[in-house]
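Single-structure report; data block below.
Residue indices begin at 1 and follow the sequence shown.
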Amino acid sequence: MVEIKSDTALEAMREAGRVVANALAAARAAASVGVRLRDLDEAARTVLTEAGAHSPFLGYRPSFAPTPFPAVICASVNDAVVHGIPGDHRLRDGDLVSIDCGAKLDGWTGDAAISFTVGTPRPADLELIAATQQALDAGIAAATVGHRLGDIAHAISTVARKAGCGMPTDFGGHGIGRQMHEDPHVPNWGRPGRGFPLRHGLTLAIEPMFMAGGHNDYRTDPDGWTLRTTDGSRAAHIEHTIAITEDGPRILTLP
């Protein structure tokens, strides 16, 4: 069931989104060569705690997962697409890192992700991140009253095809509000003019995940969580929580 949020609820979600943005900024600031991924998790955890927010990631266990998720961020490095568990891996020069984070504050949720490089960047990684950002921007621009979910999906997939990137076929964005994952599913592939109609008060997490090798297949690590490219190519993941409004799309996960 799709819940349409009131303007008051949108303001509450904006505050949760602000916490997410600050937590992501803290994790990125902590990232440097030699730093453990669990240190990035600690940096984000501190921001959530100080804001009085809770993590919707910590302890989350969807049907595919063998164990509850043990952290407040997903930290995916190089060929890891999404859902990486932040452990003792130490960042190396040139690593491509994607951090996904959520926050629940006063009963409302925000969810966002960033991708960046550590140390000396590879030009191809910067191009991959830029293409993923372009896809997110295109998806958000299509998220207007009177359009449909297929318009968002088509905008994202058009950028993917132009960039020669693949995207994991079973994963995409989602509705968000009182819970992190709500209806509707927001695919990254689709046809314009199809799908759920976009209305004022609909809140969505839009999240393109680009795989540089151009394939859509992926594999799952033995931990049951981490998704990796099958060809070893690198991946990027960028996400915002947005609200559909009469005045245009509103990004809720900004600082």
Please answer whether the main-chain N or O of A142 pairs with a side-chain N or O of D151 as donor and acceptor at a distance below 3.5 Å. no
Quick one: pull up CE in M167 and CG in N216 and give me the separation to the nearest 0.5 Å. 7.0 Å
Applying side-chain hydrogen bond (donor to acceptor under 3.5 Å, both in side chains) between R234 and each of T229, N78, T117, report the one that passes. N78
Taking R14 for the side chain and T253 for the main chain, is one N or O donor matched with an acceptor at less than 3.5 Å? no
Using a cut-off of 6.0 Å, state whether more than 12 heavy atoms not belonging to R191 lie near its atom CZ. no
Approximate separation, where rounding is to 0.5 Å, of D100 CG and I114 CD1: 10.0 Å
H181 atom NE2: more than 12 heavy-atom contacts under 6.0 Å: yes
Donor-acceptor check, side chain of K104 to backbone of M180, threshold 3.5 angstrom: yes or no? no
May I ask you to decide if G172's main-chain N or O and N188's side chain share a donor-acceptor pair within less than 3.5 Å? no
Exercise: identify the closest heavy-atom pair between R36 and G87: CB-O, 4.0 Å
Measure the OG1-CG distance between T46 and N22 for me, rounded to the nearest 0.5 Å. 13.0 Å
Between T203 and K5, does any side-chain donor sit less than 3.5 Å from a side-chain acceptor? yes
Minimum side-chain heavy-atom gap Y60-P68 below 4.5 Å: no
Taking T109 for its side chain and G177 for its backbone only, find out whether a donor-acceptor pair lies under 3.5 Å. yes
Report yes or no: do D111 and H240 form a side-chain donor-acceptor pair below 3.5 Å? no
Minimum heavy-atom distance G102-V20, with the two atoms named: C-CG2, 3.8 Å
E11/R250 salt bridge by N-O under 4.0 Å criterion: yes
Closest approach of T144 to P249 (non-hydrogen atoms, all atoms of both residues): CG2-CD, 3.9 Å
State whether the side chain of H215 and the backbone N or O of G166 hold a donor-acceptor pair below 3.5 Å, judged by distance alone. no
D88 atom CG: more than 12 heavy-atom contacts under 6.0 Å: yes
Given the rule that I, L, V, M, F, W and Y join up when any side-chain heavy atoms are under 4.5 Å apart, are V77 and L227 in one cluster? no
Side-chain heavy atoms of F210 within contact of V159, under 4.5 Å: yes
Electrostatic pair R38-D41, nearest N-O below 4.0 angstrom: no
F171 and Y218 aromatic ring geometry - parallel, tilted or perpendicular at 30°/60° bounds: perpendicular
Which atom of P86 lies closest to which atom of L37, heavy atoms considered: CB-O, 3.6 Å
To the nearest 0.5 angstrom, please state how far the CE atom of M13 sits from the OG1 atom of T241. 6.0 Å
Side chains of H174 and E182: is there a donor and an acceptor less than 3.5 Å apart? no
Under 4.5 Å between side-chain heavy atoms, counting indirect links through other Ile/Leu/Val/Met/Phe/Trp/Tyr residues: same cluster for V2 and L10 or not? no
Should I85 and V35 be regarded as members of a common hydrophobic cluster, given that ILVMFWY residues are connected when their side-chain heavy atoms come within less than 4.5 Å of each other, either directly or indirectly? no
Measure the shortest side-chain to side-chain distance between L40 and I73 over non-hydrogen atoms and say whether it is less than 4.5 angstrom. yes
One pair to check against side chain to side chain contact (heavy atoms under 4.5 Å, CB included): F116 and I99. What are the steps and the verdict? CA-CA 9 Å; F116 56 91; I99 304 294; 3.8 Å; yes
Side chain proximity check, I152 to L204, heavy atoms < 4.5 angstrom: yes
Does T67 offer a backbone N or O that forms a donor-acceptor pair with the side chain of W225 under 3.5 Å? yes
State the CD1-OG distance between I238 and S115, to the nearest 0.5 angstrom. 5.0 Å
Please say yes or no: joined through hydrophobic side-chain contacts below 4.5 Å, possibly via intermediate residues, are L149 and I4 part of one cluster? yes
Is it the case that the side chain of H237 and the backbone of V82 share a donor-acceptor pair, with hydrogens and angles ignored and the cut-off at 3.5 Å? no
For a 4.5 angstrom cut-off between non-hydrogen side-chain atoms, does H89 reach D95? yes
Step by step, work out the side chain to side chain contact (heavy atoms under 4.5 Å, CB included) result for V19 and L48. CA-CA 7 Å; V19 175; L48 267 61; 4.1 Å; yes
Cut-off 3.5 Å, side chains only: do S233 and D231 have a donor facing an acceptor? yes
Does R18 pair with E15 as a salt bridge, N-O distance under 4.0 Å? yes
Note: T226 and A80 closest approach over all heavy atoms is CG2-CB, 3.9 Å
Kindly indicate whether the side chain of R194, heavy atoms from C-beta on, has any atom under 4.5 Å from the side chain of P192. no
Least distance between heavy atoms, R45 atom then V72 atom: N-CG2, 3.8 Å
Gap between atom CZ of R122 and atom CG of L96 - 0.5 Å precision: 9.0 Å
Shared hydrophobic cluster for I176 and L252 (ILVMFWY, side-chain gaps under 4.5 Å): yes
Can you confirm whether I156 sits close enough to L136 that some side-chain heavy atom of one is under 4.5 Å from a side-chain heavy atom of the other? no
State plainly whether the residues D79 and R228 are in salt-bridge range, i.e. N to O under 4.0 Å. yes
Flag if over 12 foreign heavy atoms under 6.0 Å of CZ, R92: no
Would you say the side chains of S76 and S98 form a donor-acceptor pair under 3.5 Å? no
